[in-house]
Amino acid sequence: MEPTGAMAEDDWAAHRPAVFGAAYRILGSVAEAEDVTQEVWLRAAAADLSGVRDLRAWLVTVAARTSYNVLKSARVRRESYVGPWLPEPLLTGPDAAARVLMDESVGTAMLVVMETLTPAERVALVLHDVFGFPFERIAEVLGGTPAAGRKLASRARARVAAVRERPQASRAETERVLKAFKAAAEAGDMAGLVRLLHPDAVYVADGGGKATAARRPVRGAERIALLALRQIEMRRPDAVRIVEANGRPALATYQGGALVWLDTVEIAGGRITAFRRLANPEKLEHAGHI
């Protein structure tokens, strides 16, 4: 559909990353965020925007309201999700198909915590802390009062504070640890894997009932290392590469050219403290093949 009225193609291209970014942060799903972005585009293309003073704010508001409705309807599906839930990965490297506004709020660790928020808390936090919306506008999206929106954002901020305050390993250190983990896993080096894992490390896998994955978190360096080696023996992947997902280095494992695992990590003191493996093929589908 070609843009009409005041919505020029250049305007849409300039603001699309913000629209998609808002939807993705609220939903934690690339597929759902793309659907919301398309809906916002269609509404904007058909609307008379001559009286809109801040086009970006108008577009993000529509995206937030649409995402809020989607998230409320998706809660039942997520509550019945098989095993742990992880967000759909967003490829953000130089080869990524679409640009998106980047900051720590699209990191995997942050999105995992945000999944524990209510839909309203999530919208309030994203609109205020990421996009700088006043609570009067947030109230319009949520159908409440500015004071209620302020309380929602405050509660959400307290929930995600632990992630924001954790020291984040540099890109170089993350890549170094991932390369070492890859080498040790491919060599079947159990001791090498244990050295790269914090003794209290936690492993979380999302198979969604559609791929083999641990249904509960696995704790401890030795247990995680053993699990990683067993999975490689069972799957026998073709290739393992370091990619950029959600703004951070990640480990992508391929079989038959298709992405079968995407691993993201948290690192402290040079060792992995949290290892998250996404194996659900539906969530990996948009990431493509090699």
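Residues Glu140 and Arg65 come closest through the heavy atom pair O-NH2, 3.8 Å. Closest of all the heavy-atom pairs between Ala169 and Thr174 is CB-OG1, 3.8 Å. Contact between Ala124 and Ile138 at its shortest, heavy atoms only, is O-CD1, 3.9 Å. What you find for Ala63 and Val36 is that their closest heavy atoms are O-CG1, 3.8 Å. Across Val112 and Pro87, no two heavy atoms sit closer than the pair CG2-CD, 3.8 Å. Residues Leu197 and Ala225 share a closest heavy-atom pair of CD1-N, 3.9 Å.
Atoms CG and CG, on Asn280 and Leu86 in that order, are 9.5 Å from each other to the nearest 0.5 Å. The distance from atom NE2 of His15 to atom CH2 of Trp58, rounded to the nearest 0.5 Å, is 11.5 Å. Residue Leu125 holds its CG atom at 7.5 Å from CE of Met110, rounded to the nearest 0.5 Å. Atom CD1 in Ile267 sits 12.5 Å away from atom CZ in Arg166 (nearest 0.5 Å). How far OG1 of Thr37 is from CG of Leu42: 11.0 Å, rounded to the nearest 0.5 Å. Remark: Ile224 CD1 to Leu193 CG distance equals 10.5 Å, nearest 0.5 Å.
Arg122 places a side-chain N or O within donor-acceptor distance of the main-chain N or O of Arg25, the cut-off being under 3.5 Å. In this structure, Tyr24 contributes its side chain and Glu88 its backbone to a donor-acceptor pair below 3.5 Å. Panel note: side chain Arg176, backbone Ala172; no donor-acceptor pair is recorded below 3.5 Å. In terms of modelled atom types and a separation under 3.5 Å, the side chain of Glu136 and the main chain of Pro146 share no donor-acceptor contact. A donor-acceptor contact shorter than 3.5 Å is absent between the side chain of Glu32 and the backbone of Val70.
Note on Leu178 and Tyr254: separate hydrophobic clusters, where clusters join Ile, Leu, Val, Met, Phe, Trp and Tyr whose side-chain heavy atoms are under 4.5 Å apart, directly or indirectly. Neither Leu229 nor Trp261 shares a network with the other; the hydrophobic side chains, linked directly or stepwise wherever heavy atoms of I, L, V, M, F, W or Y lie under 4.5 Å apart, form separate groups for each. In the hydrophobic clustering of ILVMFWY residues, with side-chain heavy atoms under 4.5 Å counting as a link, Leu227 and Val240 come out together. Hydrophobic cluster membership is shared by Leu196 and Val218, with clusters built from Ile, Leu, Val, Met, Phe, Trp and Tyr side chains linked at under 4.5 angstrom. Clustering ILVMFWY residues whenever any of their side-chain heavy atoms sit less than 4.5 angstrom apart, transitively, puts Val243 in a cluster other than the one holding Leu251.
Side-chain atoms of Trp12 and Leu55, non-hydrogen and from C-beta on, never get closer than 4.5 Å to each other. Contact check for His128 versus Arg150: no side-chain heavy atoms found under the 4.5 Å cut-off. At least one side-chain heavy atom of Met114 sits under 4.5 Å from a side-chain heavy atom of Val160. Side-chain contact between Asp200 and Arg219 is absent, with no heavy atoms from C-beta onward closer than 4.5 Å. Contact check for Lys283 versus Trp85: side-chain heavy atoms found under the 4.5 Å cut-off. Proximity of Arg56 to Phe131: side-chain heavy atoms (C-beta onward) are separated by under 4.5 Å at one or more points. You'll find the side chain of Ile26 stays beyond 4.5 Å of the side chain of Tyr68, heavy atoms only. Within the 4.5 Å cutoff, the side chain of Asp206 has heavy atoms near those of the Tyr81 side chain.
Within 6.0 Å of atom CD in Glu222, 12 or fewer heavy atoms from other residues, nucleotides or ligands are found, so the atom counts as exposed in its surroundings.
Judged by distance alone, the side chains of Thr116 and Arg159 do bring a donor and an acceptor atom under 3.5 Å apart. Remark: the Thr61 side chain and the Arg137 side chain contain an N/O donor-acceptor pair separated by less than 3.5 Å.
In this structure Thr273 satisfies the side-chain contact (heavy atoms from CB on, under 4.5 Å) test together with His198, Glu266, Ala268, sequence neighbours excluded.
Of the residues listed (Leu91, Leu90, Thr264, Thr92), the one engaging Asn246 in a side-chain contact (heavy atoms from CB on, under 4.5 Å) is Leu90, and it is the only one.
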Pair Lys182-Asp263, side-chain contact (heavy atoms from CB on, under 4.5 Å): steps then yes or no: CA-CA 11 Å; Lys182 171 180 178 294; Asp263 301 327; over 6 Å; no
